[in-house]
Amino acid sequence: MSVIAEENVRGIGGSVFKEISADNDEDNQPTEIESLCMNCYQNGMTRILLTKIPFFKEVIISSFTCPNCSWSNTEIQSAGRIQDQGIAYTLKVKSKQDMNREVVKADSATTRIPELDFEIPPYTQKGSLSTIEGLIDRAVAGLEQDQQLRNATAPEVAVKIDEFIDKLKKLKEGVFTLVIDDPSGNSFVENPFAPQKDEALSVSHYKRTPQQDAQLGIKAEEEEEKPSNDIDCMRNEVLTFNTNCPECNAPASTNMKLVQIPHFKEVIIMATNCDDCGHRTNEVKSGGATEELGTKITLHLTDVSDMSRDLLKSETCSILIPELEFELGMAAVGGKFTTLEGLLKDIKDLIVSKNPFTCGDSSTSDRTEKLKLFGEKIDKIMAGEMDVHVVLDDPAGNSYLQNVYAPDPDPEMTTEKYTRTFEQNEDLGLNDMKTEGYQE
């Protein structure tokens with residue numbers, strides 16, 4: 001058995017995960033391992049390839065073939081990092097076009113169809129890149145696998161399963177709801193209308209439970225002794241802790257500091273710098289409590305100098321550009337302390353440059369052209385050539401946009417305070433939060 005050094009896996013001195021290429025590269029050939037066939041129990045051949053999918057992540061592709069019984073099996077596994085939050089997709093399937101949506105389903109994801117009370121638990125299927133129709137066909141194939149044996153041993157059970165299989169097949173011509181819940185955050189459902197909002201698709205991010213962390217193999221750290229709560233010391237100190245780079249997964253360091261923003265509040269700024277690949281990122285967390293009222297900030301862009309305004313976007317803030325019919329929901333882009341120009345660049349990278357469905361077999365000319373046009377409009381906004389409004393809507397009230405006329409009011413910017421709806425409080429976890437009399 002060969003041993004792969006950690007520095008090679010992390011990207012130091014050449015990564016073992018190579019880019020997909022048509023060139024006959026000796027270093028990018030699959031590894032062949034003789035292994036046991038689980039169908040005839042004779043020896044077959046397993047081929048393993050460690051590669052990178054452009055704009056997506058590192059994956060491990062394995063394929064097994066048996067020359068004795070001709071049985072074969074393919075499998076794809078994610079080799080990337082587990083995301084900071086879990087993700088849940090809820091899709092209302094109404095047409096044939098919805099059935100053709102591409103889906104990346106990790107092996108840790110749970111798939112549910114509420115109308116049939118049907119659920120595929122996590123780790124019962126291997127990770128796959130398929131479509132909605134492909135997920136249904138795979139579930140039907142799994143239920144049909146042992147039907148001959150059931151007809152002989154338990155005919156009543158076999159009849160009920162046949163009836164349920166018929167219901168699954170009829171879903172292709174009806175309307176139903178598909179839910180994919182992945183605690184690892186590595187699953188994905190295609191939005192064919194990108195960069196516009198998909199009314200049929202709902203995406204929510206959530207914090208994993210300790211049980212889900214245990215299933216993913218994440219060891220919870222033991223609670224340490226709480227240090228003295230000296231706020232003045234924290235304001236003057238930069239805390240550093242070790243982490244991994246989100247791009248190349250190499251060891252990196254993250255700096256964290258408590259900062260007071262003028263005319264606003266205290267925030268926690270975290271910055272990561274990777275010495276290996278040069279990747280830099282920053283993230284902002286609110287240093288205070290959730291405000292009693294939500295905040296909606298609307299800025300009318302009238303000059304290119306508006307691009308240099310400081311901006312604080314929390315994780316709960318959504319972004320709207322009405323003139324482009326564009327809306328970016330909360331948690332799609334993490335908390336950031338940047339400028340308005342930096343935020344627009346991040347939006348362009350997320351929607352256009354790093355979209356996994358704009359290249360290879362997954363791309364279509366119409367979709368690519370639509371996203372290219374959207375990117376050109378973002379460039380025009382940053383150049384001051386388009387008259388648009390940028391709206392920051394934060395139900396938690398923890399986002400901020402610089403008023404260059406402070407302390408006087410800004411004639412091009414309006415700030416509106418509003419009462420949150422029940423659904424917004426539910427998303428923030430406030431409906432079940434009890435802050436008084438909780439000992440009762």
Side-chain angles (χ1 to χ4, degrees), residues 4-21 25 27-28 49-61 76-87 104 106 108 127 129 182-188 194 203 205 208 216-218 238-257 268-285 313 315 328 331-339 341-360 362-363 371 375 378:
I4 301 175
E6 180 181 358
E7 57 267 20
N8 289 334
V9 176
R10 299 301 184 192
I12 304 175
S15 172
V16 298
F17 292 93
K18 304 293 183 181
E19 298 283 355
I20 293 179
S21 173
D25 187 358
D27 295 334
N28 199 23
L49 178 65
L50 282 67
T51 187
K52 290 181 180 178
I53 297 178
F55 303 104
F56 190 46
K57 63 178 67 176
E58 296 112 343
V59 296
I60 302 173
I61 303 174
I76 181 171
Q77 294 181 354
S78 171
R81 60 192 289 269
I82 295 175
Q83 304 303 312
D84 296 334
Q85 291 181 315
I87 193 167
V104 177
S108 58
L129 172 60
D182 184 10
S184 73
N186 287 326
S187 293
F188 185 81
V203 184
H205 297 75
R208 286 186 293 269
L216 295 172
I218 302 175
V238 177
L239 303 178
T240 303
F241 55 91
N242 296 326
T243 182
N244 285 352
C245 173
E247 285 293 323
C248 68
N249 214 26
S253 60
T254 295
N255 297 328
M256 181 173 68
K257 192 176 189 304
I268 300 172
I269 298 180
M270 295 185 291
T272 302
N273 184 18
C274 178
D275 296 331
D276 187 70
C277 69
H279 176 73
R280 290 185 174 186
T281 182
N282 68 77
E283 187 174 357
V284 176
K285 303 284 188 182
K313 178 200 170 299
E315 290 181 329
L328 188 68
V333 176
K336 286 183 176 294
F337 184 51
T338 179
T339 61
E341 182 179 12
L343 179 66
L344 292 175
K345 286 182 178 179
D346 289 338
I347 292 175
K348 180 182 176 182
D349 289 342
L350 178 68
I351 302 298
V352 182
S353 304
K354 296 182 180 180
N355 192 321
F357 293 110
T358 57
C359 62
S362 300
S363 65
L371 293 177
I378 293 293

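Bear in mind that the values here come from a model prediction, so they are computed numbers and not experimental data. In this chain, residues are counted from 1 in sequence order.
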Side chains of [X] and [Y]: closer than 4.5 Å at any heavy-atom pair?
X	Y	answer
K257	I269	no
T254	T240	no
V238	M256	no
C245	D276	no
N186	V104	no
Q83	S184	no
L328	L350	yes

Say you draw a straight line from [atom1] of [X] to [atom2] of [Y]; how long is it, rounded to the nearest 0.5 Å?
X	Y	atom1	atom2	value
H205	Q85	NE2	CD	6.5 Å
I82	S108	CD1	OG	7.5 Å
D182	F188	CG	CZ	13.0 Å
L343	K336	CG	NZ	8.5 Å
I268	L239	CD1	CG	9.5 Å
R280	C274	CZ	SG	11.0 Å

For [X], all residues meeting side chain to side chain donor-acceptor pair (under 3.5 Å), sequence neighbours excluded:
X	value
S253	none
K345	none
D349	none

I'd like to know whether T338 forms a side-chain contact (heavy atoms from CB on, under 4.5 Å) with K313, so could you lay out the CA-CA distance, the side-chain angles of the two residues, the decisive distance to 0.1 Å, and finally the verdict.
CA-CA 8 Å; T338 179; K313 178 200 170 299; over 6 Å; no
Side chains of T281 and T272: is there a donor and an acceptor less than 3.5 Å apart?
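Not at all, the side chains of T281 and T272 share no donor-acceptor pair under 3.5 Å.
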Atom of C277, atom of E247 and distance for their closest heavy-atom approach
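Shortest heavy-atom separation between C277 and E247 comes out as SG-CB, 4.3 Å.
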